[in-house]
Every structure is written in structure tokens, then in C-alpha cells.
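Okay, so here's the structure we're looking at.
Convention: sequence-line order gives letters A, B, ...; per-chain numbering from 1.
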Number of protein chains: 2
Amino acid sequence: MSQSLKTILSLRELILGGELKSGERLSELSIVDRLGVSRTPVRMALVRLEEEGLLEAIPSGGYAVRHFSEADIFDAIETRGTLEGLAARLAAERGPSPGQIGEIKGCLRKLDVLVQHEAGADTFSAYVELNERFHQLLIHMAGSRVVARQIERAVALPFASPSAFVEVQAVLPESRAILLVAQEQHRSVVEAIERREGARAEALMREHSRVAHRNLVMALGHQNARDLVPGMALIRQSA
Amino acid sequence: MSQSLKTILSLRELILGGELKSGERLSELSIVDRLGVSRTPVRMALVRLEEEGLLEAIPSGGYAVRHFSEADIFDAIETRGTLEGLAARLAAERGPSPGQIGEIKGCLRKLDVLVQHEAGADTFSAYVELNERFHQLLIHMAGSRVVARQIERAVALPFASPSAFVEVQAVLPESRAILLVAQEQHRSVVEAIERREGARAEALMREHSRVAHRNLVMALGHQNARDLVPGMALIRQSA
DNA sequence: TCTGATAAAAATGTATACAGGCGACAGCAT
DNA sequence: ATGCTGTCGCCTGTATACATTTTTATCAGA
């Protein structure tokens with residue numbers, strides 16, 4: 001593994017874990033001391049994490065840990081939903097190959113099995129994996145590098161990911177119900193795409209992203225749930 | 001001006017001007033020889049231009065000039081339209097301040113004057129400037145840092161910008177008509193936002209982006225028009 | 001005590017030296 | 001003649017030294 005990649009991963013973990021407080025200026029040398037790599041890979045990592053949205057450039061030079069308001073997270077989720085809606089519409093309009101449809105239907109079936117059974121400890125991690133896979137397949141069906149890239153950037157923010165709040169669901173009583181609704185949306189989107197119903201596919205995918213929004217509100221409510229969301233330490237009252 | 005910024009600007013110009021052919025691998029040292037700066041700012045510029053979408057990382061290391069298909073440009077425009085549609089909807093739903101409404105209406109009036117009069121040489125550059133300003137104001141009215149940032153990234157691709165094909169319009173006979181239609185869309189979007197009609201504002205902004213799509217087709221048709229579009233040298237038949 | 005300037009300390013921006021890896025080319029063997 | 005292999009060279013990744021700017025702390029004066 002390259003030093004740059006190692007630095008990126010370490011820094012991201014430190015930021016999301018809340019060990020680097022938001023608003024705090026990150027000096028390159030302090031990171032050098034902390035991680036034991038030279039300044040060059042540190043600088044690389046800082047640039048990439050700024051593009052990723054976790055850091056913000058200070059006008060006079062250097063970087064600071066970015067902080068987010070609840071509204072920012074709401075908007076990030078809405079943005080992802082809008083872009084995934086675009087992907088779903090394009091997939092429907094362009095008509096994916098039978099192979100792609102078969103693949104995503106297979107993914108649906110596996111998700112069905114998980115959702116039907118009662119939730120266990122490792123069931124959720126399997127669900128996260130399959131859920132991510134479903135979203136990946138859907139993006140792939142749109143058949144556009146440009147759209148895929150844009151979505152990649154949108155989900156780079158930790159709480160914008162389709163699976164950001166799944167861990168939270170695990171501790172909530174409504175979790176089964178939410179999962180069932182989400183899975184129904186998955187199924188409906190695939191159906192819409194298969195029938196070339198672009199507008200329906202788009203609307204469904206947008207609405208699907210809003211389960212994350214509901215989960216956000218719940219996560220902010222229950223203090224014990226906050227710790228389960230990656231990057232929750234970055235949230236401040238002020239924008 | 002910092003060396004890094006100078007390198008970014010120079011490299012971008014070289015790429016968009018077609019002096020660096022698409023697919024060509026960029027060796028750091030060759031750029032050092034060409035621009036007279038050291039490797040460090042060159043590396044910085046390469047990373048940033050990759051994030052911007054002009055370069056792509058080669059798996060074995062280094063960067064190559066990216067190339068785009070007509071479909072890529074279509075999708076980039078569609079993506080921008082979708083995100084600007086989101087911004088318009090949010091602006092409508094959230095209700096911008098009277099000051100913001102007044103500001104964008106002032107912009108509208110100035111555009112009206114330009115569009116009414118016959119097109120001159122510098123009229124178009126003034127139009128480009130006001131058009132950019134209109135889109136900026138609209139994004140600002142959405143009141144979301146996250147959405148604004150995402151749109152910034154979407155318009156970073158040279159031909160995805162709202163003004164990418166305005167230069168082309170100048171040499172086409174239909175230019176006046178297109179400008180009138182676009183201006184009508186501008187006006188309608190502002191009206192929709194003012195009336196809190198989110199769905200209408202969104203739909204209008206999406207459709208508005210599609211004038212760029214039509215211009216793209218025309219630009220690809222007329223060979224003499226191709227040279228007026230920045231970054232047209234990056235377009236290849238194969239994806 | 002507060003304000004201002006000045007100087008020191010630190011941090012970033014830049015240049016360059018060093019090391020490891022990947023690819024190309026040539027030579028040898030089959 | 002063709003395929004394999006070893007070596008050479010270029011290129012990227014990394015480390016570090018140097019310069020310039022920014023920040024901070026201290027001290028003098030009002």
C-alpha cells in the first residue's frame with residue numbers, strides 16, 4: 001500500500017471518528033508526527049480529502065476540518081436522491097441489457113431473503129453490502145460514466161451514502177418496517193426500469209433516498225444512535 | 001500568483017486548446033520542461049485536474065488526458081440540468097429573500113435588453129457574463145452549500161457549463177430565436193420560484209439545460225462551429 | 001490596561017535528491 | 001524466426017531541505 005493511500009485512510013478515520021475536531025486547522029507537520037509519513041503524502045491526502053468534502057481550504061493556506069449542519073446533511077441526501085433518480089430514469093429510458101436486469105433481480109432476491117428473516121447481528125452488515133451492491137448496479141444500468149462519477153462524488157460525504165443510517169435502523173424499533181418499505185422501493189424501481197417507465201423510476205429513487213432523511217431525524221433524536229453514524233462528530237449547530 | 005495555480009491554468013489551457021492530445025500520457029518532467037516550474041506544483045495541478053475531470057489516473061501511475069464521447073457531453077449537460085433543477089426547486093420551496101428576488105430580477109432585465117437588441121460582437125460576451133451571473137444567483141437562492149458545491153463540480157467539465165455553447169450560437173442563424181427561448185425560460189423560472197411552484201421551477205430549469213444539448217448537436221454538425229467550443233478537441237468517436 | 005509594532009516561531013509553498021517499479025529493448029536460446 | 005529473459009532507462013512515489021508568508025507572542029508606548 002502506498003504511503004499516500006495509508007495517509008488518506010488514516011486521516012479519514014481520524015476525522016470521522018471525531019478525534020480531529022471540526023473547525024480545527026490541520027498542520028501538516030502535526031500529521032507527519034502523528035502518522036509517521038513525510039509531508040508529501042500528507043499534502044496529497046489533504047488535497048484529496050478536500051475534494052472529498054471532509055476538509056475545507058483556508059484562504060491563507062492550509063486546511064481545516066469541515067463541519068456540517070443538519071441542513072447540510074439533508075441537502076446531501078437530497079442531492080444523492082436526485083442524482084440516483086437521474087440514473088434510474090436514464091436506465092429506464094435507455095433500456096439496460098437482459099444480463100443487467102437479471103443481475104439486479106438476483107440482488108433483489110437476496111435482499112428479500114434478508115428482509116424476510118428476523119434481523120440478526122450480522123444480518124445488517126450483509127444488508128449493507130447488498131444494499132450498496134443494488135445501488136451500484138442501478139448506477140451501472142444508467143450506462144453513463146459522467147453520471148456515475150457525479151454520484152460517486154455525492155456519496156463521498158459520509159452521511160450521504162445509501163447505507164449511512166442503516167446501522168441506526170438496527171437499534172430502532174421501526175427498523176423492520178423501514179427495511180420492508182425500502183425493499184418495496186427497490187423492487188418497484190427495477191420494475192419501472194424494466195417497463196421503461198422513466199418518470200416513475202426517477203420518482204421512486206428520489207423517494208427512496210428520503211428514508212435516509214427520516215433516519216437522520218431519528219438518529220439526531222436518540223443520543224445513543226448518534227454514535228452509530230459515521231462522521232456524526234462533524235455536525236454542529238451553526239452552519 | 002502561486003506556481004501551482006499558474007500550472008493549473010496553463011495545463012488546462014493546453015488541454016482545452018487541444019495541444020495535449022486526448023489519451024496522451026502526461027509525464028511530469030515533460031510538463032516541468034514545458035512550463036518551467038518544479039515537479040511539486042505540477043503534481044498538485046495534475047491531482048486537481050483529475051478531480052476536475054480533465055485527466056484520468058492511469059492504474060500503473062501517472063495521468064492521461066481524458067477523452068469524451070458525444071454521449072458523455074449529453075450526460076454532463078443532463079446532469080447539470082438535473083442539479084440546477086434541484087436548486088430551482090429548493091429555491092422555490094424555501095422561499096428566497098426579497099433581496100435575492102430583486103437581484104435576480106435585475107439580472108433578468110439586463111438580459112432582456114441584450115436579447116431585444118440585435119446581436120453584436122461584444123453583445124455575446126456580455127450575454128455570457130450575465131447568463132453565468134443568472135445561474136449563480138439561482139444556485140445561491142437554493143441556499144445550500146452542498147448543492148452549490150455539487151453543481152460547481154458538474155460544470156467543471158468545459159462543455160457542461162451553461163455558457164459552453166453560447167459562442168456557437170453566435171454563428172448560427174437560429175441564434176436569436178434560441179436566445180429568446182432561453183430568456184423566456186429564465187423569466188419563467190424566476191416566476192415559479194417567486195410563486196413557490198417547486199415542481200414547475202425544477203422542470204423549467206431542466207428543460208433550460210437542454211438548449212445546450214441542441215446546441216451541441218449543431219456544433220458537432222458544422223465543422224467551423226466546433227472550434228468555438230472549448231475542449232472540443234477532447235471529443236472522440238469511441239467512448 | 002489596551003493598542004500597536006516588531007520579531008520570532010511556525011506553517012505552507014517550492015525545489016530537488018533519492019528509491020523503487022514498470023516498461024521497453026536487446027540479446028540469447030530454442 | 002520466435003519467444004523468453006535480463007538489463008537498462010525513464011517515470012512516479014517519497015523524503016527532505018530551503019524560502020516565503022502567516023501567525024503569534026512579547027514588549028514598548030500611550
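Between A:Gly36 and A:Ser60, it is A:Gly36 whose nearest contact on DNA chain D lies nearer the 5' terminus.
The side chain of A:Ser38 has D:dT14 as its nearest neighbour among D:dC18, D:dT12, D:dT14. Distance from the side chain of B:Val37 is smallest to C:dA15 among C:dA15, D:dG13, D:dT23. When the nucleotides D:dT22, D:dT14, C:dT12 are ranked by their closest atom to the side chain of A:Arg43, C:dT12 comes out on top. The nucleotide whose nearest atom lies closest to any side-chain atom of B:Pro41 is, among C:dT14, C:dT12, D:dT12, C:dT14.
For B:His140 and B:His135, the ring centers are positioned 6.0 Å apart or more.
Looking at B:Glu84 and B:Arg206, no side-chain N of the basic residue comes within less than 4.0 Å of a carboxylate O on the acidic one, giving no salt bridge.
Atom P of nucleotide C:dT12 and atom CG of B:Leu5 are separated by 19 Å, given to the nearest angstrom.
The residue A:Leu26 sits close only to the backbone: its heavy atoms come under 4.0 Å of sugar-phosphate atoms, none of a base. Among the heavy atoms of the strands lying under 4.0 Å from B:Thr40 is at least one base atom, whether or not backbone atoms are also near. Across all strands, A:Ile58 comes closer than 4.0 Å to no nucleic acid atom at all (heavy-atom distances).
Side-chain polar atoms of A:Asp33 and A:Ser30 form no donor-acceptor pair below 3.5 angstrom. For B:Glu132 and B:Ser163, the side-chain atoms include at least one donor-acceptor pair closer than 3.5 Å.
Distances shown here put a side-chain N or O of B:Ser4 below 4.0 Å from the OP1 or OP2 atom of C:dT14.
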